[in-house]
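Everything quoted here is computed from the prediction, not taken from an experiment.
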Amino acid sequence: MSIIGDRSKNRPFFSKLYDEYKRAIYIKQQTDLNLKTKSFDYAHLHTACGKYGIIRDYLTLRKIHKKNIKIISHFHCNVHLHANKSKVTLFYFKKILNISDVVIALNEKSKNFICATNPKTTVIKIPNFISESEIRKDEKKINDPLKNIIYVGFVRKAKGFEEIIQVAKSFPDKKFTLIGQVDPSYIGMSYPSNINLINYASRDVIFKYLDESDMFLFPSHSEGFSIALLEAMARGLPIVCSDVGANAEMVENKVGGYVIEPKNSDLLISAIKLIEDSVFRSNSSMKNLSKVKSCYIDSIVIKKIISIYETD
């Protein structure tokens, strides 16, 4: 029951609160029904660590815990950032750790934070994954000079849109294609003519744009484990991204591209100048494809999850 549409600060507070309430009631009803009519060995909870959601998730898990069902808590966020947003969030986060048999984290920073918060917690790092069928089969053609730069994701401040504007101004000879839901506050604003905003595109169209691009730009301020970045790697794109979440683990600085500190337009510009080297881009393309095939395909990652269920 995820909210469709704008979940940002532009929505009225009570509207967001009401949506969270409806979701909580629905989850409670489904949990009660399943616990009453079925038998389970494990409960696998997926949580994004939201301020309201983490309270709902704890209450759900507590009900399951009382039935002596083993609990796997799967955090789809930067745990070390989200859990510390407020005392309330941290309080319920710790309570979830206390009743979880296994905790899954998306990246190393999150895993380390969980271990430090509760050393008794069994923590396993498992990444997100992509279907093997979505990985390009051939070697990507490397164009020289670099002309087409692409970004996929929400077009908003927290994803680095304002940095992209500054970068686009510094490279008027390059085309910047941004695909994703545009924050209403940016609609109608003036931005460089070499930026092409596409508010929505199907998955097939996104892959077509990725294949036609020369590099992937991803200056997000916060991530857990980005599917958009993973898809770009799977299509053989060299990357310039910010050092948040699992980005640096995925791309590897000076291997799959360049990883720089977030919120820094000057460093983004310098990295793009470096990645214009066609030999480096060719090597980065092959490295990213290889990394996805060896670490992030569905069969590999799902096997890791199943191994948790099979462990007594």
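Between Y58 and F91, the distance separating the two ring centers is not shorter than 6.0 angstrom.
Under 4.0 Å is where a charged nitrogen must lie from a carboxylate oxygen, and between K157 and D183 no such pair does. For D19 and K22, the salt-bridge test passes: some basic side-chain N is under 4.0 Å from an acidic carboxylate O. We find that K293 and E132 are not joined by a salt bridge, their nearest charged nitrogen and carboxylate oxygen being 4.0 Å or further apart. Under the 4.0 Å criterion applied to side-chain N and carboxylate O atoms, K287 and E252 are not assigned as salt-bridge partners. Using a 4.0 Å cut-off between charged nitrogen and carboxylate oxygen, R235 and D211 count as a salt-bridge pair.
There is a path of hydrophobic side-chain contacts, each under 4.5 Å, that joins V155 to I179. Grouping the Ile, Leu, Val, Met, Phe, Trp and Tyr side chains by contacts below 4.5 angstrom, directly or via other members, places Y186 with I164. Cluster annotation: L81 is not connected to Y52 through the hydrophobic network of ILVMFWY side chains, with a link wherever side-chain heavy atoms come within less than 4.5 Å. Residues I302 and L230 do not share a hydrophobic cluster, clusters being chains of Ile/Leu/Val/Met/Phe/Trp/Tyr side chains in contact below 4.5 Å.
Nearest heavy-atom pair, G224 versus N107, reported as atom, atom and distance to 0.1 Å: O-ND2, 3.0 Å.
Counting non-hydrogen atoms of neighbouring residues, nucleotides and ligands closer than 6.0 angstrom, the CD atom of Q30 exceeds 12 such neighbours. Few gaps surround CD on E108; more than 12 heavy atoms of other groups in view lie less than 6.0 Å from it.
Note that CD1 of I297 and OG of S131 are 9.0 Å apart. Values are rounded to the nearest 0.5 Å. Separating the OG1 atom in T122 from the CD1 atom in I72 is a distance of 11.0 Å, to the nearest 0.5 Å. Atom CG in L35 sits 7.5 Å away from atom NZ in K63 (nearest 0.5 Å). Y296 OH to N288 CG: the interatomic distance, rounded to the nearest 0.5 Å, is 10.0 Å. Here the CG-CD1 distance, from D214 to I275, works out to 10.5 Å after rounding to the nearest 0.5 Å.
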**Message:** Walk me through whether T177 and I149 qualify under side-chain contact (heavy atoms from CB on, under 4.5 Å).
**Reply:** CA-CA 6 Å; T177 300; I149 297 174; over 6 Å; no
**Item:** From CA spacing to verdict: side chain to side chain donor-acceptor pair (under 3.5 Å), N264, E261
**Value:** CA-CA 7 Å; N264 193 319; E261 69 178 40; 2.9 Å; yes
**Request:** Kindly determine whether Y26 and R23 satisfy side-chain contact (heavy atoms from CB on, under 4.5 Å), including the steps that lead there.
**Result:** CA-CA 5 Å; Y26 175 80; R23 188 186 295 106; 5.8 Å; no
**Message:** Using side-chain contact (heavy atoms from CB on, under 4.5 Å), reason through F161 and L197 one step at a time and then give a plain yes or no.
**Reply:** CA-CA 11 Å; F161 179 53; L197 287 181; 4.2 Å; yes
**Request:** Show the numbers, then the answer: is there a side-chain contact (heavy atoms from CB on, under 4.5 Å) between V102 and Y42?
**Result:** CA-CA 10 Å; V102 178; Y42 281 98; 5.7 Å; no
**Item:** S86 and T89: CA distance, side-chain angles, deciding distance, side chain to side chain donor-acceptor pair (under 3.5 Å) verdict
**Value:** CA-CA 5 Å; S86 72; T89 305; 2.8 Å; yes
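Residues N84 and L90 have side chains in contact (heavy-atom distance under 4.5 Å, counting atoms from C-beta outward). Looking only at side-chain heavy atoms (C-beta outward), L61 and S73 come within less than 4.5 Å of each other. At a threshold of 4.5 Å between non-hydrogen side-chain atoms, the residues E223 and F218 count as touching. At least one side-chain heavy atom of I198 sits under 4.5 Å from a side-chain heavy atom of N196.
N148 and S213 are not linked by any side-chain donor-acceptor pair at a separation below 3.5 angstrom, with hydrogens and angles left out of the test.
Between Y151 and F216, the angle of the ring planes stays under 30°, which puts this pair in the parallel group of the 30/60° scheme. Classified by interplanar angle (parallel below 30°, tilted 30° to 60°, perpendicular above 60°), the ring pair F176/F171 is tilted.
For the pair R156 and F154, the cation-pi criterion (under 6.0 Å, within 45° of the ring axis) is fulfilled.
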